[in-house]
Amino acid sequence: MDNSIIYLDNNATTPLDKRVLDAMLPYFIDDFGNPSSTHNFGKNSRKAVDTAKKNISTLINSTPQELTFTSGATESINIALKGLALHPSNEKQHIITVKTEHKAVLDTCKYLETVGFEIDYLPVNKEGLIDLRQLEETIRKDTLIVCIMWVNNETGVIQPINEISELVHNAGTLFMTDATQAVGKIPTDIIENNIDVMCFSAHKMYGPKGIGALFVNSESVNKKHILPLQHGGGHENGLRSGTLNVPGIVGFGKACEIAFNEMKTNATTILSLRNNIENNLLNIKGSFVNGSKNQRLYNTLNICLPNFDANVFIGKNKNIAVSNGSACTAALVESSHVLTALGLSEDESLGSLRISIGKMNNENDLQLLINEINNELNTEMVK
Ligand SMILES: *Cc1c(COP(=O)(O)O)cnc(C)c1O
């Protein structure tokens, strides 16, 4: 990567770990076989896919059979929510989610509303956390599933997943979590946290784009009760037909193996970088952190700066990759639905920057960003 470019947008996507690329390369030209084929070319690919599935399942403490490969978290979320809701055997009409979810969840729920489902979108407090009592009161007899993200992509806020899943199960409902920002960064043990359905993606954890996974707990959910959205050769136990993306899967597996071994070390370094820039920027009079400061992933700083226009800043500093809203809506200048749900005014939302740090960043990257922010604020003052 060009040295003059500073990448601090790791919640949008991460660069590939070089070791991931090295693991993937043989599967483009030498070991290109279709894992569904029975000859040796196919068998080699099948072996690689099985190894990858094993490494991915180790990271989340599932069995390999409980994982389905998809093109990413968006597809996993679509298969889980629509697949469960629209299956002919399903009689439940109600789903609970949260206002601060990723659009992949919100838009899927909006679609389900158009075909007759009732969705409750729980609010969050100023810290970005849901009210557990309110969740409990919202669950009905006909609640099919409660879908609450593990870590928020914009603020890094971590919901109390363990308590939530216990509450949901006591009420006799299924619990699903979008763990795209959590897997590979913090422990995401599906048994310890009693998860029924979980979605995640390789490109948020130094793996390749276009590959993700859907975890379905074999003890609590019958895969046969998830209607496949894609029909074809019956791959992935019929849940997701289509020839497997072998290089992507191998890369995903490698990324999970690396995360399993190095997550702790990375967390310590990244936390210290994040706290440094946070303390520095909080010296700016009137600035504040968006979302809970304690219940938050160590890599994310979403900060509101006074008299600051995040879009203008991003437009001027094309060599510094930071974000205002989530990348998916960044094409439109509108205040982020997450920050709005936290109670920020439109001006405060538009004055907020998301800085998401990754394992490739160093002190120098953050110092350069601090300098540019201070420059911008000084120009604003002179105006
Ligand atoms: C990135 C992201 C998604 C979408 O993942 P894709 O693999 O790009 O489809 C979903 N949820 C969260 C929280 C994300 O950060």
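Whatever order the structure lists them in is the order used to number ligands and atoms, beginning at 1. Side-chain atoms are counted along with the backbone in the values below, which use heavy atoms only and exclude waters and symmetry mates.
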- Message: Using a 4.5 Å cut-off between side-chain heavy atoms of Ile, Leu, Val, Met, Phe, Trp and Tyr, which other residues end up in the same hydrophobic cluster as Phe32?
- Response: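 Noted: Phe32 shares its cluster with Phe41.
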Against heavy atoms of [X], which atoms of ligand 1 measure under 4.0 Å?
{"X": "Gly72", "answer": "7 (O)"}
{"X": "Asn153", "answer": "13 (C), 15 (O)"}
{"X": "Ser201", "answer": "6 (P), 7 (O)"}

- Would you say the ring centroid of Tyr206 lies under 6.0 angstrom from that of Phe252?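 For Tyr206 and Phe252, the ring centres are not under 6.0 Å apart.
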- Which one of Gln93, Glu118, Lys92, His94 satisfies the side chain to side chain donor-acceptor pair (under 3.5 Å) criterion with Thr143?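 When side chain to side chain donor-acceptor pair (under 3.5 Å) is applied between Thr143 and each of Gln93, Glu118, Lys92, His94, only His94 qualifies.
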- Message: Run the side-chain contact (heavy atoms from CB on, under 4.5 Å) test against Glu192 and tell me which residues pass, sequence neighbours left out.
- Response: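 Checked Glu192 against side-chain contact (heavy atoms from CB on, under 4.5 Å); matches are Asp189.
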- Query: Short N/O distance, under 3.5 Å, between Ser71 and ligand 1?
  - Reply: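 No, there is no polar N/O contact under 3.5 Å.
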- Task: Consider ligand 1: state whether an atom of it lies below 4.0 angstrom from any non-hydrogen atom of His203.
- Result: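 Under 4.0 Å: yes for His203.
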- Item | Heavy-atom nearest neighbour of atom 3 (C) of ligand 1 within options Lys209, His102, Met149, Gln181 |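 Residue with the shortest heavy-atom distance to the ligand atom: His102.
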- Between Asn217 and Asn194, a side-chain donor and acceptor under 3.5 Å: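 There is no such pair (donor and acceptor under 3.5 Å, judged by atom type) between the side chains of Asn217 and Asn194.
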